[in-house]
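Take a look at the structure below.
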Amino acid sequence: MLKLFHKSLLLRLGLAMATIVALAFVGMLSSVFIAETSGGQATAINMAGALRMQSYRIASELASQHDLQEQSRLELTRSLIDGFEERLRSPRLTGVLSRTDERSLHESYYQVRLQWRTQIRPLLNKYIDVTEEYLVFQDGAAHSDELRREFLREVDGFVDNIDNMVKVLEVEAEKKIELLRLIQVISLFLTILVVFISMYLMHVDVLGPLRELLLIASAVRRGDFSQRTQYHSEDELGQLGEAFNLMTEDLSRMYNDLEARVDEKTADLERSNRSLELLYKASSHLSQVPLSENGYEQLLNDISALADLGPGTICLG
């Protein structure tokens, strides 16, 4: 795979683009996932806050029940207790617990639930029962007041446990937000890094070799076949550069061979012209009748000059 990576420029650029797309996909997927897991978190915090408020409402109601003759006040207290129980078992609160593995959150919820079921709720039920007996039999007022004071003493610790549960819920929500922020920052950093690496690869492995090939093509167009690319690689541009080098070598060889052939043909034409010129001058001299001795000498000089020969002698018989 590494060898194929070095051999293919398209594979490197494609891998860089795929990495950028994958990082963007991871960022979006993490946002969706954390948003899904955080669904109902704010509602659960509000519900836990409502439990705290409901506890204080019960305490306030009991603190104001100085006149035990008011049956409606007991009914209001009973409805507040039922409302607290309903909120404590609300799916909007327990649903968040089912979607998280945070141990501290489960412990804080079960501590509140255990204290409510084993201590607070039995105490309130006992207070209501004693108060109702007093309303019927006019007996047990002191016991009822004692139960009410006992609840007022216990309610602060119970509310502290509810506050702890609210705090754990807030910390859990903040952790998910921090996790999302961390994932987004890492994805952004890696995306920028991959973009810079891709730009560097484009500059080194694409733009540089292409610019060099364009210079070679311009030189070839001017008739300069001495230029060669210095980019040597196994990728597509390296293969193209090697093909350019072979092409310029072949063109240079063909051009030199063509020049040699042109020179050879030119020399042949020059020899032919000189031969024709020699024949013409020889014919001109020989056509003179009678041919003088100077005429023979001039003919020999013309033959020597035109045929590039040394001194010659003509023997007449």
Side-chain angles (χ1 to χ4, degrees), residues 1-18 196-317:
M1 182 65 183
L2 184 61
K3 187 176 181 181
L4 182 62
F5 180 80
H6 286 291
K7 281 187 175 181
S8 178
L9 176 64
L10 293 177
L11 179 62
R12 295 200 293 271
L13 295 178
L15 184 61
M17 293 300 297
F196 275 107
I197 293 175
S198 301
M199 293 175 62
Y200 175 78
L201 290 176
M202 286 287 294
H203 178 74
V204 174
D205 295 339
V206 178
L207 296 180
L210 282 178
R211 191 179 297 113
E212 191 174 357
L213 291 176
L214 288 175
L215 292 176
I216 295 174
S218 299
V220 170
R221 188 170 59 249
R222 295 192 304 269
D224 182 9
F225 302 104
S226 62
Q227 301 293 329
R228 299 290 185 273
T229 178
Q230 303 300 319
Y231 180 76
H232 301 288
S233 177
E234 296 181 351
D235 57 21
E236 292 84 353
L237 285 178
Q239 297 175 12
L240 181 61
E242 187 67 24
F244 254 76
N245 289 339
L246 293 176
M247 181 189 69
T248 52
E249 289 178 4
D250 292 339
L251 288 175
S252 178
R253 191 181 305 111
M254 292 173 61
Y255 188 78
N256 292 332
D257 184 61
L258 182 61
E259 285 185 341
R261 290 185 180 184
V262 170
D263 292 340
E264 183 179 353
K265 293 296 182 181
T266 302
D268 291 340
L269 289 174
E270 288 179 354
R271 283 194 297 269
S272 298
N273 291 333
R274 289 163 64 185
S275 298
L276 291 174
E277 185 179 358
L278 177 61
L279 290 174
Y280 173 75
K281 288 188 176 182
S283 300
S284 298
H285 286 295
L286 292 175
S287 65
Q288 297 177 7
V289 178
L291 187 62
S292 64
E293 183 178 351
N294 289 335
Y296 287 113
E297 184 178 357
Q298 184 63 37
L299 178 59
L300 288 175
N301 290 333
D302 290 339
I303 294 174
S304 298
L306 294 174
D308 195 16
L309 298 175
T313 301
I314 298 178
C315 296
L316 299 177

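Val262 approaches Thr266 most closely through the heavy-atom pair O-OG1, 2.6 Å.
Taken from CE in Met247 to CE in Met254, the straight-line distance is 11.5 Å, to the nearest 0.5 Å. Summarising the geometry, atom NZ belonging to Lys265 is positioned 12.0 Å from atom CG belonging to Leu258; distances are rounded to the nearest 0.5 Å.
In this structure, the side chain to side chain contact (heavy atoms under 4.5 Å, CB included) partners of Ile197, at least two apart in sequence or on a different chain, are Leu193, Leu201. By the salt bridge (Lys or Arg N to Asp or Glu O under 4.0 Å) test, Asp263 pairs with no residue at all, sequence neighbours left out.
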